[in-house]
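Structure, as C-alpha cells:
Here is how names work: the chains are called A, B, and so on, in the same order as the sequence lines, proteins then strands, and each is numbered from 1. Every heavy atom of this structure was used, including side-chain atoms; hydrogens, water molecules and symmetry mates were not.
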There are 2 protein chains.
Amino acid sequence: MTDLEQYLHSYFTFDQDDLVKVSALFRKKTLNKGDYFLKAGRQCNQLCFIQSGLLRIYADVDGKEVTQWISSQGYFVADLSSLLFQTPSRWYMQALTNLEIFVIERADYNRIGEIIPKWPETEKLFLAHCFTMMEDRIFSFISMTAEERYHFLFERNRALFNQVPLQYIASMLGMTPETISRIRRKQLQ
Amino acid sequence: MTDLEQYLHSYFTFDQDDLVKVSALFRKKTLNKGDYFLKAGRQCNQLCFIQSGLLRIYADVDGKEVTQWISSQGYFVADLSSLLFQTPSRWYMQALTNLEIFVIERADYNRIGEIIPKWPETEKLFLAHCFTMMEDRIFSFISMTAEERYHFLFERNRALFNQVPLQYIASMLGMTPETISRIRRKQLQ
DNA sequence: CCATTTTCTTGATTTTTGTCAAGTAGCTTG
DNA sequence: CAAGCTACTTGACAAAAATCAAGAAAATGG
C-alpha cells in the first residue's frame with residue numbers, strides 16, 4: 001500500500017479495490033523548496049495530497065504576506081472554491097520545504113463518484129470534519145487571548161513548531177513574531 | 001411558491017417538481033423570543049431554514065456567552081458536525097426574536113438524495129460556498145484590526161446592526177461592547 | 001568553514017483594546 | 001405613566017499587543 005492509499009484508507013475506509021482505482025487517478029510529483037503549487041489569481045485545477053514536506057498557504061495584502069495555514073503530511077490541499085467554481089484562487093501555495101505530493105486533476109476528481117458510489121457521502125463527511133476545524137479556529141479568535149490561541153494551536157500541531165519559521169505561525173495566529181517570541185519566553189521560565 | 005421554495009430555488013436551481021417534493025419534507029414551526037432551537041450538549045437532529053427572525057448561535061465559556069454568529073432570513077442552520085456524526089452539539093441556538101422556521105429531521109434530510117439525484121453535487125457546492133465565507137472570516141481575524149473587522153462585517157451585513165444588541169455583534173467580532181461603541185463614535189465624527 | 005542572510009529575541013515606546021465604574025437612554029411592562 | 005430593566009456610552013485606568021530598532025542566534029551557500 002502506498003502512503004496515499006494508506007491515508008485514503010484511514011480517512012475514508014474504502015475497500016482495497018476502490019482504493020487502488022482512486023489512487024491511480026493521482027500522479028506523484030515533487031516540488032522544490034520555494035516552488036508554487038498555486039498562485040493567487042490563477043485557477044486551481046488540481047487537488048493535492050501531501051506525502052511529505054510543508055506547504056504554506058498565504059495571501060498578499062498590500063505587499064505583506066499573511067499566512068493562512070501551513071499544511072503538512074497527510075493533508076489534502078486545494079482552493080476548494082476555485083477548484084469547484086473555477087474562479088481565481090485567492091491564495092498562494094508555496095513549498096516551505098522540498099515537497100512530495102500526489103496530484104489529481106479536476107476532471108479526474110469529479111470522476112471519483114463513478115468509481116466509488118458512496119463517494120459523495122464520504123466527501124460530505126470529510127468536508128464536515130473540515131468545517132468543525134474551521135469553526136474551532138474561528139472560535140479561538142473570538143474567545144481567546146493571543147497566548148491562549150498559541151497554546152491551542154501548539155497542542156494540536158506540535159510538529160509545526162519545530163519545522164516552520166515562527167513568523168509564519170505568528171501570522172496564522174493573527175499576531176506579530178515579537179508577540180510569539182515573548183509568549184515563548186514565558187513558557188521557559 | 002412558499003418562501004422556502006423560493007430560497008431553495010435561488011440557492012439550488014431545482015426544477016419545480018423537485019422543489020415541491022423537497023420542501024414537503026420540511027415542516028413549518030415558530031419559536032418565541034428566547035426559545036432554544038438547540039442546546040449545547042444535546043444532539044442536533046434537525047436542520048432549519050429561517051423564514052423570518054433572528055437566531056443567535058453561541059457557546060458558554062465558563063459562564064460567559066460567546067456569540068459565534070447570528071443567522072437571519074434565508075439561512076440554513078444546524079450544528080453540521082452534530083447532525084452528521086450524532087455527536088453532542090457545541091452550540092446553543094436561541095431565538096433573538098420571534099422566529100418562523102422550516103424544520104427538516106435528520107432522516108428526511110438524508111433522504112433528499114433519493115428525490116433529487118444531483119443533490120450530493122448540489123450539497124457539495126453549497127458547503128463549498130460556506131467554506132469560502134468561513135475562510136474569509138478567519139482571514140479577517142488574522143489580517144485586520146478590530147476597526148477593519150467591524151467595517152468588514154458591517155458592509156456585508158448591514159441589516160444586523162439595526163436589529164441586534166451590539167454586545168452580540170461585538171462578541172462575533174471578538175471585541176468588547178465598549179470597543180465597538182468607540183469605533184461607532186469615530187464614524188459619526 | 002566562513003561569510004552572508006535569515007530568523008529570532010529583547011528592550012523601549014506607542015497604540016490598541018480591555019476592564020471597571022458610573023451614568024444615560026431607551027424599552028418594556030404592570 | 002412610572003419603575004425597572006437592558007443596552008449603550010463615556011471616562012479613567014490597566015493590560016495586551018504592535019511597532020521600531022538593535023543585536024544575537026541560527027541556517028544557508030559557496
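- Between the side chains of Q68(B) and Y92(B), no donor N or O sits under 3.5 Å from an acceptor N or O.
- In this structure, F26(B) and F76(B) have tilted ring planes: the angle between them lies in the 30° to 60° band.
- Taking the ring axis of F152(A) as reference, the NZ or CZ atom of R156(A) stays within 45° of it and closer than 6.0 Å to the ring centre.
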Margin query: One character per nucleotide, please: for nucleotides 11-23 of chain C, 5' to 3', B when the base has a protein heavy atom closer than 4.0 Å, S when only the sugar-phosphate does, - otherwise.
Written below: BB----SSBB---
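- Within the helix from dC1(C)-dG30(D) to dG30(C)-dC1(D), the inter-axis angle between the opening and closing five-pair segments is 50°, rounded to 10°.
- Computed from coordinates, the I180(A) CD1 to dA17(D) C1' distance equals 13 Å when rounded to whole Å.
- Side-chain atoms of E5(B) and S23(B) form a donor-acceptor pair, as typed in the model, at a separation below 3.5 Å.
- Ring geometry, H129(B) versus F85(A): the interplanar angle falls under 30°, so the pair is classed parallel (tilted spans 30 to 60°).
- We find that CD of E148(A) is positioned 12 Å from C1' of dA16(D), with the value rounded to whole Å.
- Listed by residue number, there are no residues of residues 153-169 of chain A with a heavy-atom contact under 4.0 Å to DNA chain D.
- A ring-centre distance under 6.0 Å is not found for W69(B) and Y58(B).
- Each of K28(A), R27(A), K29(A) was evaluated against E100(A); a single residue qualifies, K28(A), per the salt bridge (Lys or Arg N to Asp or Glu O under 4.0 Å) test.
- If you check the side chains of T67(B) and R56(B), you find a donor sitting under 3.5 Å from an acceptor.
- F141(B) places its CZ atom 15 Å from the P atom of dA17(D), with the value rounded to the nearest Å.
- Side-chain contact of S82(A) with Q43(A): a donor-acceptor pair under 3.5 Å is absent, judged by distance alone.
- Regarding K186(A), its NZ atom lies at a distance of 10 Å from the C1' atom of dA15(D), rounded to whole Å.
- Side chains of E155(B) and Y150(B): no donor on one and acceptor on the other come within 3.5 Å.
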